[in-house]
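Both counts, for ligands and for their atoms, begin at 1 and track the order of listing.
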Amino acid sequence: MTDRRTVLVLNCGSSSLKYAVVEPDSGRELADGIVERIGEGPIHDHEAALRAAFDRLSADGLDLGALGLAAVGHRVVHGGLELYRPTVVDDAVLATLRRLAPLAPLHNPPAILGIEVARRVLPDVPHVAVFDTAYFHDLPAAAATYAIPRDLAAQWRIRRYGFHGTSHQYVSEQAAAFLGAPLESLNQIVLHLGNGASASAIVGGRPQDTSMGLTPMEGLVMGTRSGDVDPGVVMYLHRTAGMSMSDIETMLNRQSGVLGLGGEIDFRLLHQRIDAGDPDAALAYEVYIHRLRKYIGAYLALLGTTDVITFTAGVGENDAAVRRDALTGLAPLGIELDEHLNESPARSPRRISFGTSPTTVLVIPTNEELAIARACAATVTGG
Ligand code: ADP
């Protein structure tokens, strides 16, 4: 039987293609996977990667033709000022995406490539772009504005856009559902800690601030990204150390963060190094936690009253030490973590604060694929 409510979600990076087949109504994920090392060996380009993904799906007994896809959802990192609603992609939208590419030179070009290839391979299905920036489109001006000359910012569309929006929105909605409270009634902090990491402060379902800015480089320390640095560092490296802008960009994006300080991206390996007495790994962890606590403190002050703090993504969901060290000693601010609950290896949404803690602390697995699939289904059915 044909089910028109199945969505193929694609997240296309420069060298990898993540895919998932999702039923937006039930939330069931029928399949997911990743094709890596695009450009090497048999997977010589993105079209070959998509065809490899289809081959794997049919090897698993999933025939996309027979499923009758309702849409293909594409995760696109940057939508600039003009693209923020989930958008059915046509040639005009693709042209706009190409024009926006300089805003996200590392992220948008592979997503555009993925859309082009997928439209070629699946020409009869609507393709919907879902933007990582969308949720933060209406950030208050005070949070969205850099204190640089206004004309210059307007001319070049420089503002704080924010990223991981799909995850911050999904997780904050799940937090409200978990608490059985209306989203509108809650002040929330969401900490999305994966390879990329960002924090958001949300009042009644509307984000008030987020840690990423014009690009996904601002804010928290990440797997390979520096997060906040004095822009003076960039000028100094360019002028005095003779590094090119593109070398500096690569350094800040790919060689910094916990990798640059501690030699590992993966927190499991970072902890192993710390346990083995490696001082660089220990410093990387301390810098990571220090930055995280500064953002939590800033958002507690911004919100005044915080009902719930939620950890999500690879590190946030799995690393009990990070959660403990981020919130330890904050009982005077109303945050009382239950060490025992925090150590639980459970994978479902759960509370990790004492029942009496004025601020509830939760761990909620993010599910960007499901959120994208739902946005796509709503877009193509006009729902
Ligand atoms: P991405 O940003 O690529 O989507 P994820 O949200 O999947 O990343 O997070 C990946 C990261 O999560 C890994 O690099 C690792 O640091 C961390 N991680 C995953 N599992 C664990 C675990 N069991 N303990 C600690 N950290 C973990």
Quick one, R159 with L81, criterion side chain to side chain contact (heavy atoms under 4.5 Å, CB included). Give me CA distance, side-chain angles, the key distance, then yes/no. CA-CA 9 Å; R159 59 160 272 182; L81 287 178; 3.7 Å; yes
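Using a non-hydrogen distance threshold of 4.0 Å, G223 does not register as a contact of ligand 1.
Listed here is the closest heavy atom pair of P365 and T312: C-OG1, 3.6 Å. S357 approaches S353 most closely through the heavy-atom pair CB-CB, 3.9 Å.
Here the side chains of D32 and Y19 are not in contact, with every heavy-atom distance at 4.5 Å or above. Between Y295 and D228 the shortest side-chain heavy-atom distance falls below 4.5 Å.
When only non-hydrogen protein atoms are considered, atom 22 (C) of ligand 1 lies nearest to N318 CB, 3.2 Å. The nearest heavy-atom contact from the protein to atom 15 (C) of ligand 1 is D266 OD1, 3.5 Å. What sits closest to atom 3 (O) of ligand 1 on the protein, heavy atoms only, is N195 ND2, 3.1 Å. Ranking the protein heavy atoms by distance from atom 4 (O) of ligand 1 puts K18 NZ, 4.0 Å first. The protein atom (non-hydrogen) at minimum distance from atom 19 (C) of ligand 1 is R268 NH2, 3.5 Å. Looking at atom 16 (O) of ligand 1, its nearest protein heavy atom turns out to be F267 N, 2.8 Å. Looking from atom 27 (C) of ligand 1 to the surrounding protein, the closest heavy atom is G314 O, 3.7 Å.
Each of D91, D90, D124 was evaluated against R119; a single residue qualifies, D91, per the salt bridge (Lys or Arg N to Asp or Glu O under 4.0 Å) test. Here the options are I115, V89, V130, D132, the test is side chain to side chain contact (heavy atoms under 4.5 Å, CB included), and the partner is V76; only I115 passes.
Ligand 1 places these atoms under 4.0 Å from at least one heavy atom of I265: 16 (O). Atoms of ligand 1 lying under 4.0 Å from any heavy atom of V315, numbered from 1 in the order shown and given with element: 12 (O), 16 (O), 17 (C). Near D319, meaning under 4.0 Å from any of its heavy atoms, are these atoms of ligand 1: 25 (C). The atoms of ligand 1 that sit less than 4.0 Å from any heavy atom of G196 are 2 (O). Counting the atoms of ligand 1 from 1 in the order shown, those under 4.0 Å from a heavy atom of A313 are 6 (O).
For R120 and E116, the salt-bridge test fails: no basic side-chain N is under 4.0 Å from an acidic carboxylate O. R323 and E339 are not joined by a salt bridge, as no carboxylate oxygen comes within less than 4.0 angstrom of a charged side-chain nitrogen.
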